[in-house]
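Take a look at the structure set out below.
Letters A, B, ... mirror the listed sequences (proteins, then strands); counts begin at 1.
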2 protein chains.
Amino acid sequence: MHFLSIIEAIKARRESLQVTQKALSDLSGVALGALKKFESGRGNPTLSTLKKLCDALGLEITLSVKKTINP
Amino acid sequence: MHFLSIIEAIKARRESLQVTQKALSDLSGVALGALKKFESGRGNPTLSTLKKLCDALGLEITLSVKKTINP
DNA sequence: ATAAAAAGTGCATTATAGTGTTCTTTTTTG
DNA sequence: CAAAAAAGAACACTATAATGCACTTTTTAT
C-alpha cells in the first residue's frame, strides 16, 4: 500500500505529542494491534479507524483538488 | 458514521467533473456497489478504497493539525 | 408522458480489517 | 550494562468492507 504520507503524518503527530502507541490506542479506542500494523506500514485502515486516530491526535482529514501535474 | 464532509467532497468533485458513479467505478477500480454505498452515506471505506476514488478524481488526502478549539 | 440513464437498495459470497493475545526486537533509562 | 518500556510481529477469531448481481426509485432528456 502507498499511504506513506498519511502514515507518517499520524506517526509524526503522535511523537510530537509524546504519546505512545498504547496511549493513543486507549485515547482513540483503536486496538493496539491495528495501530501497530498501520504505523508499521502493513495496514489499510477503514476511514472510521483513521478518523478515530485523527480525532485523538487533533488532526483533520481534508480532501482538496490536486494542483500539481499528474505524478 | 460521520464522514459527511468527505462524502460530500467526493460527490461534489465527481459531479463537477460530470462523471457518473459507473464511470468513476470504472476509472477508479472501485466496485460500483461500494461507491454507491459510500456516496449514500452507508459506507466505511478502507483508506485504499478512498485513495482510489481520490486518485481518479484528482483529489488529495491531507492530514493537518486542527486549529480550532476542540468541538 | 414516456423512455433511458443514473442513483439507490438488498443480498450472498469472499476478502480482509479489527480485536485480543502472546512473543520478539528495539529503544530508552537508570 | 541490565531492566523496563515501547515498538513490531504473528496468530486465531469476529466483524464487516468489497464485490457482483438483481431490483427499485429518482432524475434527465426526448
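A salt bridge does not link B:E60 with A:K67: every distance from a Lys NZ or Arg NE/NH1/NH2 to an Asp or Glu carboxylate oxygen is 4.0 Å or more.
Residues B:V65 and A:L57 form no side-chain contact, since every pair of their non-hydrogen atoms from C-beta on lies 4.5 Å or further apart. Residues B:F3 and B:I10 have side chains not in contact (no heavy-atom distance under 4.5 Å, counting atoms from C-beta outward).
Contacts of B:K11 with the nucleic acid, taken as non-hydrogen atoms under 4.0 Å apart, involve only primed sugar atoms and P, OP1 or OP2.
Within a 6.0 Å sphere centred on CD of A:E15, heavy atoms belonging to other residues, nucleotides or ligands number more than 12.
The minimum heavy-atom distance between B:K52 and B:V30, with the atom names listed, is CB-CG2, 3.7 Å. Closest heavy-atom contact between A:L47 and B:N44: N-OD1, 3.4 Å. Here the closest heavy-atom approach between residue A:G41 and residue A:I7 is recorded as CA-CD1, 3.8 Å. Heavy-atom minimum distance, A:R14 versus A:Q21: NH1-N, 3.5 Å. Residues A:K51 and A:I61 come closest through the heavy atom pair CA-CD1, 4.2 Å. Residue B:T62 comes nearest to A:S64 through the heavy atom pair OG1-OG, 4.2 Å, listed as atom of the first residue, atom of the second, then distance.
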Restricting to nitrogen or oxygen on both sides, can you table the protein-nucleotides 25-29 of chain C pairs closer than 3.5 Å?
none

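Separating the CD1 atom of B:I10 from the P atom of C:dA7 is a distance of 14 Å, rounded to the nearest angstrom. For the pair B:N44 CG and C:dA17 P, the computed distance is 12 Å after rounding to whole Å. In this structure, A:Q18 places its CD atom 16 Å from C1' of D:dA7, rounding to the nearest Å. Look at CZ on B:R42: it is 11 Å from P on C:dC11, rounded to the nearest Å. Rounded to whole angstrom, the span from the CG atom of B:L50 across to the C1' atom of C:dA17 amounts to 16 Å. At whole-Å resolution of the value, CD1 in B:I7 and C1' in C:dA7 are 15 Å apart.
Side chain of B:P45, nearest nucleotide from C:dA17, D:dA9, D:dA18: D:dA18. The side chain of B:R14 sits closest to C:dA7 out of C:dA7, D:dA7, C:dT9.
Summary for the helix from C:dA1-D:dT30 to C:dG30-D:dC1: the axes at its two ends, each from 5 pairs, differ by 70° when rounded to the nearest 10 degrees.
Dashed line: the shortest gap from a side-chain N or O of B:S40 to OP1 or OP2 of C:dG8 is not under 4.0 Å. Regarding contacts with the backbone of D:dA18, a side-chain N or O of B:T49 is found under 4.0 angstrom from either OP1 or OP2.
Legend: residues meeting side chain to side chain contact (heavy atoms under 4.5 Å, CB included) with B:A56, ordered by chain and number and at least two apart, are B:L24, B:L27, B:S28. Not counting sequence neighbours, the partners of B:K22 by the side chain to side chain donor-acceptor pair (under 3.5 Å) test are B:D26.
For the pair B:T49 (side chain) and B:P45 (backbone), a donor-acceptor distance under 3.5 Å is absent.
Near DNA chain C, meaning a heavy atom under 4.0 Å away, the residues from residues 19-39 of chain A are A:G29, A:V30, A:A31, A:A34.
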In B/S/- notation (B base, S sugar-phosphate only, - none; protein heavy atoms under 4.0 Å), nucleotides 24-30 of chain D written 5' to 3' is -------
- Query: Given the rule in the side-chain contact (heavy atoms from CB on, under 4.5 Å) test, do B:L35 and B:L53 qualify, once you have shown the distances and angles that lead to the verdict?
  - Reply: CA-CA 9 Å; B:L35 176 55; B:L53 296 175; 4.0 Å; yes
